[in-house]
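Report on the structure given below.
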2 protein chains.
Amino acid sequence: MEEKRYLPHIAYDSVIFGFSGNQLKILIMKYHNTGLFALPGGFVKMDEDLNAAVRRGLKERTGLDNIYLEQFYTFGDVARYQSGVMKTILEANGYSVPENHWMLDRFISIAYYALINYDKVVPTPDALSDSCDWYALDKLPPLMQDHRLIVEKALQTLRDNLERKLVGVNLLPPLFTMNELQKVYEAILGEKLRRTTFQRKMLSLNFLQRHDKQYSGKAHKAPYLYSFKQ
Amino acid sequence: MEEKRYLPHIAYDSVIFGFSGNQLKILIMKYHNTGLFALPGGFVKMDEDLNAAVRRGLKERTGLDNIYLEQFYTFGDVARYQSGVMKTILEANGYSVPENHWMLDRFISIAYYALINYDKVVPTPDALSDSCDWYALDKLPPLMQDHRLIVEKALQTLRDNLERKLVGVNLLPPLFTMNELQKVYEAILGEKLRRTTFQRKMLSLNFLQRHDKQYSGKAHKAPYLYSFKQ
DNA sequence: CCAAAAGTGTTTTAGCTACACCCATGA
DNA sequence: TCATGGGTGTAGCTAAAACACTTTTGG
């Protein structure tokens, strides 16, 4: 955490999406003894690529490599930064903070969103925080600074990209039912979709591989299992 | 240009699109005595919003306020920066540059694209450059650092946004013919479009206002003039 | 046999393409 | 009256939506 190891004035924040219980959820950190909630973020080392810094942070918080990751906006308003907030966090962790500490400066933040398989993640807090947990999008705690805005822009970008990119492959396990895939789309779009239309559209896109049926033990026809081709 | 006025390690670059002679063109600067070509860019003042810094730079280079502006990516690789290039530029302008000059450090660059009305612009070079001129996209000079990549990503983003955003309104004068609008779309997409299909699609989108015909003096039916509604 | 969910066949609708035709204009 | 480019009508095709129907499963 000492000065000169990281680029000053530059940070990143990540909106990490997972899917569980038919809901879209994101990872939120809680800082020690402050009641402050924040997106997982971090800094860029002097000799480190920006994208590599974000992947390093994701690895630390989720334990996962090779995450689907997309940069979507850089937040650079002066007003987004209040130096008092960071001072509170550092002092609550027992650091004595000089007035000119580099972490109290103004920061620009490059924001990314990530899509991961919920079941494979072990959320891990960092040194400054006492928890790192999943929160459903409609039950987020109040977030510090402009992090709420960052989440909303991430979700908007994800919606805009939904038709162009293969989103499901990153949020679902290797085998899944058509109904589960539909629930992912509904959670992202925030609206119900027609079952039959959805099924035909997905099949027509020709990226699904059909496998044996799954017998759920329920009193109805067993659904096929699917995986993503290639 | 002195230290402490600008945020270190942070720059922006802008891809400024204009439309003329049925071609898409962008503004390129040439640095004094170096043969180096670059995108118009700049730095962010300590107490200035990032977006405001970019608008300030655009105003200086084009004379225009209220430009259509969109941030599309932040370039943060270590390899994008070679300190020798900036040193060459500064020395060619008569500055004696100490080894630890802030402009020789590694920079992250936030990239924007702008859409402007070609006819309203007076391209203006800055203190370090001896020209600021329009270049057609297929006749760009070799650009320094990763600026070529930035241009290509800007064009790709513009294409992706073409269906979702009102692009023509920023590139054309207030009154224009359907044929001129089609030429804009063709220049952006890099392909020919069908005349009749294009006309009907644009009219069906319901954002065009039809005005009196324009008598061109040519030996054929005079086309209607259009403007964008609202 | 029934209820519930899955899968598919059929009809309807909407949008796009291709082609044709007519119109207006100045030489 | 001719060539040229502009505007629109129409038939045909394709993809999506809407609806209905059948199938499979466990109680």
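Numbered from 1 within each chain, the chains take letters A, B, ... in sequence-line order.
- Comparing atom distances between the Thr197(B) side chain and each of dA20(D), dA24(C), dT17(C) picks out dT17(C) as nearest.
- Summarising the geometry, the separation between CZ on Arg194(B) and C1' on dA20(C) is reported as 15 Å, rounded to the nearest angstrom.
- A donor atom on one side chain and an acceptor atom on the other are not found under 3.5 Å apart for Glu180(A) and Asn22(A).
- The side chain of Ala219(A) sits closest to dG26(D) out of dG26(D), dT8(D), dG7(C).
- When rounded to the nearest whole Å, the span between CZ of Arg210(A) and C1' of dG7(C) equals 8 Å.
- Comparing Lys201(A) and Thr196(B) against DNA chain D, the residue whose closest nucleotide sits nearer the 5' end is Thr196(B).
- Rounding to whole angstrom units, OH of residue Tyr226(A) and P of dG7(C) are separated by 5 Å.
- Nearest approach of Lys165(A) to Glu70(A), heavy atoms of both residues: NZ-OE2, 3.0 Å.
- As rounded to whole Å, 9 Å separates atom P of dG7(C) from atom CG of Leu203(A).
- Distances shorter than 4.0 Å separate some side-chain N or O of Gln199(B) from OP1 or OP2 on dT8(D).
- Taking the six-membered ring for Trp and the full ring otherwise, the centers of Phe198(B) and Tyr185(B) sit less than 6.0 Å from each other.
- A close approach under 4.0 Å does occur between a side-chain nitrogen or oxygen of Tyr215(A) and OP1 or OP2 of dT25(D).
- In this structure, the nucleotide among dA18(D), dG6(D), dA5(C) sitting nearest to the side chain of His220(A) is dA5(C).
- The distance between atom CD of Gln214(B) and atom C1' of dT25(C), rounded to the nearest whole Å, is 13 Å.
- With hydrogens and angles ignored, a donor-acceptor pair closer than 3.5 Å exists between the side chain of Arg195(B) and the base of dG7(D).
- For Arg200(B), counting side-chain heavy atoms from C-beta on, the closest listed nucleotide (dG7(D), dT25(D), dC19(C)) is dC19(C).
- Of the listed nucleotides (dA18(C), dA24(C), dT24(D)), dA24(C) has the atom at the smallest distance from the side chain of Lys221(B).
- Nucleotide dT8(C) holds its C1' atom 17 Å from the CZ atom of Phe198(A), rounded to whole Å.
- Rounded to a whole Å, the NZ atom of Lys213(B) is 17 Å from the P atom of dG5(D).
- Residues Phe43(B) and Phe107(B) bring their aromatic ring centres within 6.0 Å.
- In this entry the distance linking CE of Met202(B) with C1' of dT8(D) reads 17 Å, nearest Å.
- When ring centroids are compared, Phe19(A) and Phe17(A) stay outside the 6.0 Å threshold.
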